[in-house]
Amino acid sequence: MDKRIINANRIVVKVGTSSLIHPNGAVNLKTFDELAYTLSALNNQGKELILVSSGAIGVGLNKMHLKKRPTEIGAQQALAAIGQSELMTLFTQRFDHYLTDIAQVLLTHDIFDFPKSNKFVLNTFDCLLRDNVIPIVNENDTVATDELDHKTTFGDNDQLSAIVASHVNADLLIVLSDVDGFYDQNPHKYADANLISTVSQINENEFGVAGGSGSRFGTGGMQTKLLAAKRMLDENRMMVLANGADPRIIFKILAGKNVGTIFQKESVTHE
Ligand SMILES: Nc1ncnc2c1ncn2[C@@H]1O[C@H](COP(=O)(O)OP(=O)(O)O)[C@@H](O)[C@H]1O
Ligand SMILES: N[C@@H](CCC(=O)OP(=O)(O)O)C(=O)O
């Protein structure tokens with residue numbers, strides 16, 4: 001059993017579009033509800049939680065009855081703006097049900113590079129966590145200027161979640177996606193792909209088997225999840241990648257059960 005996971009108190013959870021939106025484009029209400037239930041239960045236990053949630057563009061597409069993501073950056077940003085308020089409405093409804101307060105925090109990847117902004121952002125997190133409010137973070141897609149291919153994608157919450165975990169000095173980053181963990185090849189393409197349960201270092205071999213996004217709405221795929229994991233490993237923090245189809249999996253992770261892929265420097269025996 002991994003004591004560091006069981007004792008983790010400050011936890012960043014990242015949930016991807018693929019877990020929040022069905023392949024047909026509709027909102028996955030089950031995930032929203034189970035996520036709100038799980039994080040509320042942990043919050044009541046005294047854990048400090050930050051949720052990094054994608055889904056603004058996915059929810060925006062659904063709201064505007066669009067089948068696919070526009071290629072034009074402005075149109076994507078407009079959809080993110082439409083979807084973000086809807087996304088927060090969905091979270092507010094579900095978290096209200098469990099009597100948990102939430103807050104919206106929109107960030108850019110570079111915000112922590114500016115000392116003043118860094119201080120303000122960290123103060124905001126501290127105040128929210130002190131008051132038992134769960135911050136729900138997304139990239140501020142309207143102003144984001146990441147050097148990515150803006151034709152098909154912009155922003156990347158996998159790395160943003162690692163940046164946040166790093167700056168708030170989190171004990172653990174949990175990334176929920178539509179796969180059970182990190183495989184030796186893309187499981188959506190190769191039926192004989194094998195799940196890797198522990199990764200202690202990330203180099204060209206790992207990046208070599210990490211493909212792009214598997215869903216219509218996800219963006220980064222496994223490449224950006226590995227970049228997030230690499231940052232965590234470099235700082236001797238832990239990251240677990242697990243399937244977000246049922247976010248109650250977080251309880252199993254925090255009980256030290258062997259689920260998903262754990263990225264950690266030392267190898268620790270699971271139960
Ligand atoms: N080696 C791999 N192991 C697991 N998944 C992989 C791998 N390579 C590529 N993928 C793809 O990464 C996808 C998850 O990334 P993405 O679609 O961006 O999800 P999310 O919206 O959760 O961020 C999976 O659905 C899978 O198709
Ligand atoms: N900020 C964008 C998400 C970008 C992103 O990283 O998406 P994903 O690969 O689903 O985590 C949105 O909310 O749609």
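Small disclaimer: the values here were computed from a predicted structure and weren't measured. Just follow the structure's listing: the first ligand is 1, and inside any ligand the first atom is 1.
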Tell me which one of Gly58, Gly83, Ala56 gets a heavy atom nearest to atom 12 (C) of ligand 2.
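Considering heavy atoms of Gly58, Gly83, Ala56, the nearest to atom 12 (C) of ligand 2 sits in Ala56.
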
Look at atom 19 (O) of ligand 1 and find which of Ser177, Gly16, Pro187, Ala210 reaches it with the closest heavy atom.
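Looking at heavy atoms only, Ser177 sits closest to atom 19 (O) of ligand 1.
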
Is it the case that the side chains of [Y] and [X] hold a donor-acceptor pair, with the cut-off being a distance below 3.5 Å and no angle test?
X	Y	result
Gln104	Gln84	yes
Arg231	Gln159	no
Glu48	Asn43	no
Asn157	Ser54	yes
Asp33	Tyr98	yes

Under 3.5 Å between any N/O of [X] and any N/O of ligand 2: does that happen in this structure?
X	value
Glu139	no
Asp141	yes
Ser54	yes
Asp156	no
Asn138	yes
Gly16	no

Can you list the atoms of ligand 1 that are under 4.0 Å from a heavy atom of [X]?
X	result
Lys225	15 (O), 16 (P), 18 (O), 19 (O), 20 (P), 23 (O)
Asp178	13 (C), 14 (C), 24 (C), 25 (O)
Val179	5 (N), 24 (C), 25 (O)
His188	24 (C), 25 (O), 26 (C), 27 (O)

Per-atom contacts, ligand 2 versus Asn157 - under 4.0 Å to a heavy atom
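Selected atoms, number and element: 1 (N), 3 (C), 5 (C), 6 (O).
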
Provide the number and element of each atom of ligand 2 under 4.0 Å from a heavy atom of Thr17.
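Per the distance check, 7 (O), 8 (P), 10 (O).
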
Report yes or no: does Ser54 have a heavy atom closer than 4.0 Å to ligand 1?
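Ser54: no contact with ligand 1 (<4.0 Å).
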
Quick check on Gly181 - does any of its heavy atoms sit under 4.0 Å from an atom of ligand 1?
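It does; at least one heavy atom falls under 4.0 Å.
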
Is there at least one pair of N or O atoms, one from [X] and one from ligand 1, spaced under 3.5 Å apart?
X	value
Phe182	no
Asn186	yes
Val209	yes

Just wondering, are more than 12 heavy atoms of other shown residues or ligands nearer than 6.0 Å to CD in Gln201?
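No, because the 6.0 Å sphere around CD of Gln201 holds 12 heavy atoms or fewer from other groups.
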
Parallel under 30°, tilted from 30 to 60°, perpendicular over 60°: which one fits the rings of Phe182 and Phe263?
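The arrangement is tilted - the two ring planes meet at 30° to 60°.
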
Which segment of Lys14 sits under 4.0 Å of ligand 1 when only heavy atoms are counted:
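Only the side chain of Lys14 comes within reach of ligand 1.
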
Contact between ligand 2 and Gly55 is defined here as a heavy atom of the residue under 4.0 Å from a ligand atom; is it met?
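Yes; Gly55 lies near enough to ligand 2 that a heavy-atom distance drops under 4.0 Å.
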
Check if Lys14 has a non-hydrogen atom at a distance under 4.0 Å from any atom of ligand 2.
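Yes, Lys14 has a heavy atom closer than 4.0 Å to ligand 2.
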
For a side chain to side chain contact (heavy atoms under 4.5 Å, CB included) with Ile250, tell me which candidate from Leu39, Leu49, Ile11 qualifies.
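Exactly one pass, corresponding to Leu39.
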
Could you check Asp126 against Arg130 for salt bridge (charged side-chain N to carboxylate O under 4.0 Å, His left out), going step by step and ending with a plain yes or no?
CA-CA 6 Å; Asp126 278 345; Arg130 189 192 57 207; over 6 Å; no

So does Ile196 get a backbone contact from the side chain of Thr261, meaning a donor-acceptor N/O pair under 3.5 Å?
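The answer is yes, because a donor-acceptor pair under 3.5 Å joins these two groups.
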
Taking only Lys NZ, Arg NE, NH1 and NH2, and the carboxylate oxygens of Asp or Glu, determine whether Arg4 and Asp171 approach each other closer than 4.0 Å.
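Salt bridge flag = no for Asp171 with Arg4.
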
